[in-house]
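Starting from 1, each residue takes its place in the sequence as its number. Every value quoted in this text rests on a predicted model; they were computed, and no experiment measured them. What you see below is based on every heavy atom in this structure, not just the backbone, and it leaves out hydrogens, waters and symmetry mates.
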Amino acid sequence: MDVDLIFKVAAIGIIVTVLNQVLVRSGREEQAMLTTLTGLVVVLIMVVNMVADLFSTVKSVFGL
């Protein structure tokens with residue numbers, strides 16, 4: 001596992017949290033929730049790509 005992935009996920013989490021707090025305090029709860037969902041989707045896409053790489057590595061190791 002690459003340490004850069006952990007830092008990227010943490011940075012996205014910090015940015016989404018700050019944006020969420022700013023939007024909630026300005027009375028835009030709907031945009032805050034959409035921002036949170038967008039951050040979650042971005043992180044999930046990153047994780048899915050890493051899992052796909054893991055499966056392709058395992059497949060190549062066992063020669064399947």
Could you go step by step and tell me if Thr35 and Asn20 meet the side-chain contact (heavy atoms from CB on, under 4.5 Å) rule? CA-CA 7 Å; Thr35 304; Asn20 190 7; 5.8 Å; no
Ile6 reachable from Ile14 in the ILVMFWY side-chain graph, under 4.5 Å edges: no
Any link between Leu40 and Val18 through a network of hydrophobic side chains (Ile, Leu, Val, Met, Phe, Trp, Tyr) touching at under 4.5 Å? no
Under the side chain to side chain contact (heavy atoms under 4.5 Å, CB included) rule, collect the residues that match up with Met46, sequence neighbours excluded. Leu5, Lys8, Val9, Ile12, Val42
Working to the nearest 0.5 angstrom, can you tell me the gap between Leu44 CG and Asn49 CG? 11.0 Å
What's the spacing between Thr36 OG1 and Leu23 CG if we round to 0.5 Å? 8.5 Å
